[in-house]
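What follows is a short report on a single structure.
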Amino acid sequence: MSRISFSAAIAAMLMLLASASETKATPNCLRDNKPYRLAGDTMEWSMTIAPGADCIQGLRWSTMQIYKVEVTEKPKSGEIVLVGPGFRYFAKPNFSGTDRFTLLVVGKNRHDEGTSTVEVTVSRPNGPLLVSAVDHP
């Protein structure tokens, strides 16, 4: 196989994999989240997410090493999965109102080791949800 056709085959496989794993991740679901300091502090973050969607968020800031993340309070209207030094929250399809979960982050900020608690409040978008229907004869 020539070098050009091998590269084209790899590119085609990557495009196929990307289209097969389509997700409904909500872009910018966490806004204005302030960094924690790993100094025994507690941060309150807020997330806006549509029912049935998910949000992926990293927890590492530029001067930090994360040793461990654990869920200390699970959400009731969604699921949380820890992914490396971050998380992925999945809102249930019938999600309404607000949800909440709490994470404990253990690591090192510059030279100081410590922990922080991140409390995330989840709410639906304020605007109406757009629904489209296709009428089949």
Side-chain angles (χ1 to χ4, degrees):
M1 185 182 295
S2 74
R3 175 167 266 217
I4 293 174
S5 61
F6 180 73
S7 296
I10 294 293
M13 287 191 321
L14 289 174
M15 289 176 62
L16 179 63
L17 286 173
S19 66
S21 63
E22 180 182 346
T23 63
K24 295 188 283 183
T26 304
N28 301 323
C29 48
L30 277 168
R31 295 182 189 262
D32 303 323
N33 52 336
K34 304 280 190 265
Y36 48 85
R37 296 182 308 270
L38 292 176
D41 53 327
T42 298
M43 298 304 298
E44 294 182 15
W45 290 356
S46 60
M47 174 191 304
T48 304
I49 190 167
D54 63 307
C55 176
I56 302 169
Q57 177 65 41
L59 293 168
R60 186 180 165 279
W61 297 89
S62 64
T63 60
M64 294 182 184
Q65 289 180 300
I66 303 298
Y67 301 153
K68 177 175 81 167
V69 177
E70 71 181 59
V71 178
T72 58
E73 180 187 342
K74 293 181 180 182
K76 293 177 179 48
S77 296
E79 299 292 327
I80 184 105
V81 176
L82 298 177
V83 182
F87 65 87
R88 187 170 193 167
Y89 173 83
F90 297 89
K92 291 181 180 176
N94 59 351
F95 169 61
S96 64
T98 60
D99 199 3
R100 186 172 183 82
F101 60 92
T102 304
L103 304 171
L104 178 68
V105 182
V106 180
K108 185 181 199 179
N109 188 4
R110 298 189 190 272
H111 303 289
D112 300 322
E113 293 184 349
T115 64
S116 287
T117 301
V118 179
E119 298 174 345
V120 182
T121 301
V122 183
S123 59
R124 284 177 58 139
N126 288 334
L129 296 175
L130 298 176
V131 178
S132 65
V134 178
D135 189 22
H136 295 284

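Numbers here simply count residues along the sequence, with the first being 1.
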Pairing residues for F101 by the ring pair (Phe, Tyr, Trp, His ring centres under 6.0 Å) criterion, not counting sequence neighbours: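 Ring pair (Phe, Tyr, Trp, His ring centres under 6.0 Å) list for F101, sorted by chain: F87, Y89.
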What pairs with [X] under side-chain hydrogen bond (donor to acceptor under 3.5 Å, both in side chains), at least two apart in sequence or on another chain?
X: Q65; answer: none
X: S77; answer: none
X: N33; answer: none
X: K76; answer: none

Measure the [atom1]-[atom2] distance between [X] and [Y] for me, rounded to the nearest 0.5 Å.
X: T48; Y: R31; atom1: OG1; atom2: CZ; answer: 7.0 Å
X: R88; Y: C55; atom1: CZ; atom2: SG; answer: 9.5 Å
X: D32; Y: K34; atom1: CG; atom2: NZ; answer: 5.5 Å

Say whether [X] and [Y] are linked into one hydrophobic cluster, either directly or through other cluster members, by side-chain heavy-atom distances under 4.5 angstrom.
X: V122; Y: V83; result: no
X: W61; Y: Y67; result: no
X: L30; Y: V81; result: no

Nearest heavy-atom neighbours spanning [X] and [Y]:
X: P93; Y: P51; result: O-CB, 3.2 Å
X: Q57; Y: W45; result: CG-CZ3, 4.3 Å
X: S96; Y: R124; result: CA-CD, 3.5 Å

Hey, does [Y] have a side-chain heavy atom less than 4.5 Å from the side chain of [X]?
X: M47; Y: S123; answer: no
X: M64; Y: L38; answer: yes
X: F90; Y: F95; answer: no

Residue pair S116, M43: steps toward the side-chain contact (heavy atoms from CB on, under 4.5 Å) verdict: CA-CA 8 Å; S116 287; M43 298 304 298; 5.8 Å; no
Salt bridge (charged side-chain N to carboxylate O under 4.0 Å, His left out) pairs, two or more places apart, involving residues 89-104: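 Matches after skipping sequence neighbours: R100-E119.
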Let me check something: any side-chain donor-acceptor pairs from residues 102-109 under 3.5 Å, sequence neighbours excluded? List them with distances.
unit_1, atom_1, unit_2, atom_2, d
T102, OG1, E73, OE1, 3.2
N109, OD1, T63, OG1, 2.7
N109, ND2, R37, O, 3.2

Counterpart residues, salt bridge (Lys or Arg N to Asp or Glu O under 4.0 Å), relative to E79 (two or more places apart):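 E79 satisfies salt bridge (Lys or Arg N to Asp or Glu O under 4.0 Å) with no other residue.
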